[in-house]
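For reference, the structure discussed in these notes is given below.
So that the names make sense, note that chain A is the first sequence line, chain B the second, and so on, each numbered from 1.
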Amino acid sequence: MPIVAWCLAALAFLVLLGVGSVTIYPGGGATREASIRRIWDVQSERLPPLGSTDLTRFLFGASVAVFVVGSLAVLWLALTLEDDPARRDGPDGRGAATGGRSEPA
Amino acid sequence: MARRLVPGRRDGAFPGRLAQRQGFVAHEGARHALLRRGLPMAELANRMPGKSAPVASWVNRLAIRRVDVRAWSGVRRLILALSILYLAKQVIFVFAFPAFTGHDEVAHYSYLRTVATEGRVPVLLEDRLPPELYKYCKFTLGWICFQNTQQYLDNPPYQWPYSYRGQNVVYQEGYQYAANHPPLYYMLMAPVYWLSDGASPETQIYLLRLAVIPFGLVTVLLAFLMARVLFPGDAFLAVTVPAFVAFQTQISYEAAMVNNDIVAIALYSWILYLLVRGLRDRFPGRICVLIGFVLGLALLAKGTSLTAAPIIGGTVILGVGWRSWRTWLKRGVQIVVPAAILVSPWYAFLYRTYGNLSGLPQVQEIQWWDNPSASFFGLLFDRGFALERFRETWGYFGWKKIFFDDAMYWAIGIPLLIALGGLVQYLVVANPIKPLNDNDDRVERPKPWQYGAIWVLLGTSVVAYLAVVQFGVDFSLTQARYYFPVVNAAALLLMLGLRTLLPKRLHRIGQGAVVGALVVLTVVILSQYVLPYYAGWEIGGGV
């Protein structure tokens, strides 16, 4: 199925993007792991003490995870969504004259 | 309510306290037994022994229904997923930027503190920014900044001698320069301030940033609803318009900072949605009253919402027909009255306090160093001015300290120029007069009201840009964010242009490509610009 191929390609692209972004992170030739750790540490230090540090790390980390999964989900749904023929004829704009309903076919 | 708990009674007669209690207990037991079997609530209500219509209604009202997302339509699932993705992205934005680095966050936080602790609106040329926030002086206007000097951190300067135009003058420093903004946002945020009272200002900033995310989400949902009202069955616009708004970089930034902008953006988006509905339904009275109500709220959120007023007037006349002057006068009254009732106390306050209806002369007095010299048409045709607004629209994060490379601006600008070209083609080719064939594309062959709505959205965008130009005549600090409230109009127009250029068979791929590109843009901006910029950042650092 072409759509599946497109989704797989999109997934691969996102993974490559994530890895690539971190790899070329302008941290002065740092390795990928060091770059990830650096981003994490910098953010963790800056997070406010909303009760406990663990809570804020969880909030930030969970958001990153949801962002990755959510991006793929939205991408999948966007690639598979088709026009709705039942709704293509909206109201005709004559307002009260038609009660705001669709014009007759 | 108690009478409805009694089984088998449809006449509403009250049979006595004991019978009522027995009936209630019996029903509660049966309800829990059915719940354990995992039946849907509607079915559960129908299967209850001795059921009656009032009981079923009561159960249906009070029970928490199980939401079956799998039964939803594709577009509803997409919007749900986009909303969750948006919320996650916004939380990342909230924490990616250090406290007080957003647009005028020091001034807006100080305004909120005045509202929350003193129960009043601050006054220009009287109120000052709090001394404990002097360490963030480089994120303010008009507060001479020695952020690395302990002497001034301990005792912030509130006046300073300058040599200006050949004269030695002592100028006042550290004024509250955002006090001309209306109070709605600060009133809405006051409970968050009270709940976090006792926490550090930095912690409060993060909590207040989280609190404005819903306004960003509302803006995204209104973009979707507007696209759906305008072209009900079209998938491309239903996907790409809200996605564009959700991932637009600076709108995302606005919805993750302490600032009244995103509230004004959400309310302006609501007005645009209502205008499109009004065009479709010929502005019935209830929509007009609602438009007036929302316009009043928008004016209480930010003064720039005033650009909506001529747009509303023109659209109503377009919708009901300019010859029907009695009708549009009546509609005008229905809009103006609720708006005027809402905003009149604020404008009365402005007039009584400053002797004008904007407070801008007082802002000019505070920003004495800002001396713009360009004329309206000089700015309108100034290429540098337009380019600067484009850069502000997509980049310039962190108090205009994080810049993109030119390549990045081109990567954003070229697709937008292509989409703009597609929009021009659409406006020229789309023919709302010719009768429809069954196979015609309903977007490319709009009905007259749809075509009119496109022009209204275009006019809205133009008026918003011209307002920014006009503001630049008096203030060289004019900024692109003053036209951000029309983001939903711009998103729909650009995506409509892109759709026009894509063959029908490529629409689904185009939808995915737009969403993918926007996700990529967000990842690149955060990983290549924002996070690296703040990697070695300290409040008193040089960056």
Tightest non-hydrogen contact, residues Gly74(B) and Leu81(A), listed as C-CD1, 3.6 Å

Where Ala78(A) and Val515(B) come nearest, the two heavy atoms and their spacing: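 Shortest heavy-atom separation between Ala78(A) and Val515(B) comes out as CB-CG2, 3.9 Å.
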
For Asp83(A), is there an ion pair with Lys504(B) - N to carboxylate O distance below 4.0 angstrom?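 Salt bridge flag = yes for Asp83(A) with Lys504(B).
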
How many angstroms lie between CG in Leu82(B) and CG in Leu77(A), if you round to the nearest 0.5 Å? 10.0 Å

What is the distance from atom OG of Ser71(A) to atom NZ of Lys89(B), rounded to the nearest 0.5 Å?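 Reported value, rounded in 0.5 Å steps: 10.0 Å.
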
Counting heavy-atom pairs under 4.5 angstrom with chain A, the leader among Gly510(B), Ala88(B), Gly512(B) is Ala88(B)

Does Trp72(B) CH2 have over 12 foreign heavy atoms under 6.0 Å away?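 It does: Trp72(B) CH2 has more than 12 such atoms within range.
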
Applying side-chain contact (heavy atoms from CB on, under 4.5 Å) between Val66(A) and each of Ile84(B), Ile92(B), Leu87(B), Leu85(B), report the one that passes.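 Single side-chain contact (heavy atoms from CB on, under 4.5 Å) partner of Val66(A) among Ile84(B), Ile92(B), Leu87(B), Leu85(B): Ile84(B).
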
Which portion of [X] sits near chain A, non-hydrogen atoms under 4.5 angstrom:
{"X": "Phe247(B)", "answer": "side chain"}
{"X": "Phe236(B)", "answer": "backbone"}
{"X": "Ser196(B)", "answer": "neither"}

Return yes if some donor-acceptor pair links the side-chain N/O of Gln511(B) with the main-chain N/O of Leu79(A) below 3.5 Å, else return no.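 Here the side-chain-to-backbone pair does not exist.
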
Is a side-chain donor or acceptor of Glu82(A) paired with a backbone partner of Ala235(B) at a separation under 3.5 angstrom? no

Counting C-beta onward and ignoring hydrogens, is there a side-chain heavy-atom pair between Phe67(A) and Val91(B) closer than 4.5 Å?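 No, too far: nothing below the 4.5 Å cut-off.
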
Can you name the residues that form a side chain to side chain donor-acceptor pair (under 3.5 Å) with Thr249(B), not counting sequence neighbours?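 Side chain to side chain donor-acceptor pair (under 3.5 Å) list for Thr249(B), sorted by chain: empty.
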
